[in-house]
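To start, the structure itself, in structure tokens.
In what follows, chains carry the letters A, B, and so on, assigned in the order in which the sequence lines appear, proteins first and then strands, with residues in each chain numbered from 1. Owing to the predicted nature of the structure, the values given are computational and were not obtained by experimental measurement. Scope of the values below: all heavy atoms of this structure, side chains included, with no hydrogens, waters or symmetry mates.
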2 protein chains.
Amino acid sequence: MRDRPSITDVAAHAGVSIKTVSRVVNAEASVLPATRARVDLSISELGYVPNSSARTLKSGVGDAVGVVIDTIADPFFAALVSVIETRALAEDMGVLFASTGFDEGRERDQLLRLAGQQVRGIILAPVAQDHGYLERYRASTPIVMVDRPRDTFDSVVVDDIRATRAAIDQFVRLGHTRIAFIGFDARFSTTTHRYEGYRQALAEHGIPLDHTLAPQAAAEVTDAKVATLGLFGLASPPTAIFAANPRAGIGVVDALHTTGHTGVAVISFGDFAFASVIRPAVSYIDQDPFHIGNAAIERLITLINEPGTQRKRIVLDTNLVARGSGEIRATA
Amino acid sequence: MRDRPSITDVAAHAGVSIKTVSRVVNAEASVLPATRARVDLSISELGYVPNSSARTLKSGVGDAVGVVIDTIADPFFAALVSVIETRALAEDMGVLFASTGFDEGRERDQLLRLAGQQVRGIILAPVAQDHGYLERYRASTPIVMVDRPRDTFDSVVVDDIRATRAAIDQFVRLGHTRIAFIGFDARFSTTTHRYEGYRQALAEHGIPLDHTLAPQAAAEVTDAKVATLGLFGLASPPTAIFAANPRAGIGVVDALHTTGHTGVAVISFGDFAFASVIRPAVSYIDQDPFHIGNAAIERLITLINEPGTQRKRIVLDTNLVARGSGEIRATA
DNA sequence: TTGAAAGCGCTACCAG
DNA sequence: CTGGTAGCGCTTTCAA
């Protein structure tokens, strides 16, 4: 016997044909209980594990789903991958994980590699706008976009504009007029949509847009911190800050605590570790990765099992979770 | 042409044999530049992507590494997977990700599934003590244990006992004698080792062990918080707390801030989000997941490329990072 | 430098 | 209920 036993070894050991072993392994009917028992015994004695490459090659369908995201170091995506894996496992599929690092070329390489690995489907947090090169594979490999929608694909997203408007509305209701927006990053439609929500809400309330309150390129922790610190050098600093993503939220709160400006109202888009511990606890827009991940993998499984299903954009609801920091009234 | 072009389609399109296409795809020498160019053109025109199943089946070696961890929702493991993926990609390998959920049965299923998927090697944060069932696969699929060592396998770990002793030593040097240990979990050798370091350090300094200061089963955020709160119901509460993992650290700090005991000294094993933002910032033992992940994937690649390499346990250094909370003197 | 043919382990098809 | 055989797409061996 070779390194790893093959179906042939098992068949020889059990004294049956390979086809019978195949039937047992795939739990097909029409195998005598006695035969089945004998085969099962041989399988466990030899430690046989089916060769997934051979199976995939022959059948044309793989046994894994691909998940392509910005970076797994982001807790949002970590949670997303976690639920996807759990659900995939229940369908007897593994997870091939790949990150884009926000790079379109790398995104492309990763997607094509996954296609070559015959994944059953792909969940993608897209970077590029256009994925025309995937057209050839879509028929056999359904794709669900998460976090950022793409028109010609199924997607699972939250309504960024609406959620942000609700947050800004709350600030205005509490008397704030100097409201900052931290975390803008032109590369992502999520933050541009959130900025659009910010803009709309201000316009609706007749508050003029002040560009000094919405610094660019502040989507990462350190940038957001620096940007926030900069706000307090302004002639009239903000009394409320909207953080457009959790990393920006961390930077904003860090800056406020470092400088003692803990009376400034804060709402963060997305929860982050410790947001509930700090005082005041940080209010946030609940963009639950478990919820999103679940919807995405369910959708993908549907597309796998029922090809040709009508394309769909799934928009999940968000709540504004009050924990203190977002409920601070304007003072002056 | 079928759904996806195969090497045969490319060969026909370019007017060469499949072997020549294979040579081009695998960047083998001895192909005329003109021939190579023609084949490359056909490949891009047809959108050919090599079928990884066929390649794996024929060659017997896969094109992915497996990573098996407790849960990707743990930021430590998320960072670990992140570096592993980056390095694997440089070797033209993908990452098959699987979680154990701390369950031995699931660990086993996942490992056998990965074996069936012909991964080139596996990085595993082990749950079970014994992995005898893997013996058959070890020859062809090297395995590197991370975080928790296993004697018969290569492993990459930190010296838990020594690192913890250093932390407790610092507490004693600052005058503390009532030192609590939060985050014990008998299931993991890491926390039992850390507890052992705690025990040793106290013994060395002649401080009697007080079991009420080391509550059991407090390795998760909420448990740790509850356990910490419980400490302040004691006749003589602790003046210093050692948190045995980052999640315990979050729970401890949450409890201290909730109750206003911010004068209690704290050192956490492992950094966590916001540990630097809270006041006082939390001192921690630097168990850098990037460092560990790097060492693990480098080791795995060595084992893949040079089978039969002598088994090795790699112990990484840790630093005690002073940020304030660990440097608080005993008051009474 | 290029090609023809065998065969990896498995499943699908068709017989018995 | 069970078995033989073809062939998935590719790499490997041997020839030309």
Side-chain angles (χ1 to χ4, degrees), chain A residues 1-40 42-43 46-63 92 113 115-118 136-137 140, chain B residues 1-40 42-43 46-63 92 112-113 115-119 136-137 140:
Chain A
M1 186 190 343
R2 260 168 320 298
D3 197 18
R4 295 176 187 210
S6 78
I7 196 170
T8 315
D9 301 313
V10 176
H13 188 271
V16 297
S17 76
I18 61 168
K19 180 60 212 177
T20 299
V21 177
S22 174
R23 286 199 178 95
V24 171
V25 169
N26 294 299
E28 287 174 32
S30 71
V31 178
L32 281 180
T35 312
R36 181 181 301 277
R38 206 142 40 87
V39 172
D40 277 331
S42 297
I43 287 175
L46 298 177
Y48 169 70
V49 176
N51 181 322
S52 135
S53 307
R55 194 191 289 227
T56 298
L57 176 58
K58 178 62 192 175
S59 66
V61 297
D63 54 3
D92 251 309
R113 212 169 39 73
Q117 301 192 102
Q118 317 290 109
R136 318 193 140 71
Y137 310 107
S140 52
Chain B
M1 188 187 346
R2 261 169 316 299
D3 197 18
R4 293 174 187 210
S6 77
I7 195 171
T8 314
D9 301 314
V10 176
H13 189 271
V16 297
S17 76
I18 62 168
K19 178 59 209 176
T20 299
V21 177
S22 173
R23 287 199 177 94
V24 171
V25 169
N26 294 300
E28 286 174 34
S30 72
V31 178
L32 283 179
T35 313
R36 181 181 300 277
R38 206 144 37 88
V39 171
D40 277 331
S42 297
I43 286 175
L46 298 177
Y48 168 70
V49 176
N51 181 321
S52 140
S53 307
R55 196 193 289 235
T56 299
L57 175 59
K58 178 62 194 173
S59 66
V61 297
D63 54 3
D92 252 309
L112 292 179
R113 212 170 38 74
Q117 300 191 106
Q118 318 290 110
V119 293
R136 322 192 135 71
Y137 310 107
S140 51

Got a list of protein N/O to nucleotides 12-15 of chain C N/O distances below 3.5 Å?
from    : atom 1 : to       : atom 2 : distance (Å)
dA12(C) : N7     : Lys19(A) : NZ     : 3.4

Can you list the residues that meet the side chain to side chain donor-acceptor pair (under 3.5 Å) rule with Ser22(A), with sequence neighbours excluded?
Asn26(A)
Ser52(B): side chain to side chain donor-acceptor pair (under 3.5 Å) partners, not counting sequence neighbours:
Asp63(B)
Over the length of the helix from dT1(C)-dA16(D) to dG16(C)-dC1(D), how much do the five-pair end axes diverge, rounded to 10 degrees?
30°
Does [X] place a side-chain N or O at less than 4.0 Å from the phosphate oxygens OP1/OP2 of [N]?
X: Thr20(B); N: dG3(C); result: yes
X: Asn26(A); N: dT11(C); result: yes
X: Ser53(A); N: dC8(C); result: no
X: Thr56(A); N: dC10(C); result: no

In whole Å, what is the span from the [atom1] atom of [X] to the [atom2] atom of [N]?
X: Leu46(A); N: dG9(C); atom1: CG; atom2: P; result: 14 Å
X: Gln118(A); N: dC8(D); atom1: CD; atom2: C1'; result: 10 Å
X: Arg4(A); N: dG9(C); atom1: CZ; atom2: P; result: 11 Å
X: Asp9(A); N: dC10(C); atom1: CG; atom2: C1'; result: 13 Å
X: Ile43(A); N: dG9(C); atom1: CD1; atom2: P; result: 16 Å
X: Arg55(A); N: dC8(C); atom1: CZ; atom2: P; result: 19 Å

Between Arg136(B) and Leu46(A), is there a donor-acceptor pair closer than 3.5 Å when you use the side chain of the first and the backbone of the second?
yes
Donor-acceptor pair, Arg4(A) side chain versus Asn51(A) backbone, under 3.5 Å?
no
Any chance you could measure [X], atom [atom1], to [Y], atom [atom2], to the nearest 0.5 Å?
X: Gln117(A); Y: Thr56(B); atom1: CD; atom2: OG1; answer: 8.0 Å
X: Asp9(A); Y: Ile43(A); atom1: CG; atom2: CD1; answer: 12.0 Å
X: Ser140(A); Y: Gln118(A); atom1: OG; atom2: CD; answer: 8.0 Å

Once side-chain contact (heavy atoms from CB on, under 4.5 Å) is applied, do any residues pair with Val49(A), and if so which ones, sequence neighbours excluded?
Leu112(B), Tyr137(B)
All side-chain contact (heavy atoms from CB on, under 4.5 Å) counterparts of Ile18(B), not counting sequence neighbours:
Ile7(B), Thr8(B), Ala11(B)
What does Leu32(B) touch in the nucleic acid at a heavy-atom separation under 4.0 angstrom: a base, only the sugar-phosphate, or nothing?
sugar-phosphate
Go through dG9(C), dG9(D), dT2(D) for me and flag the one nearest to the Ile7(A) side chain.
dG9(C)
Let me know, please, whether Val16(B) or Leu57(B) comes out on the 5' side of the other along DNA chain C by nearest nucleotide.
Val16(B)
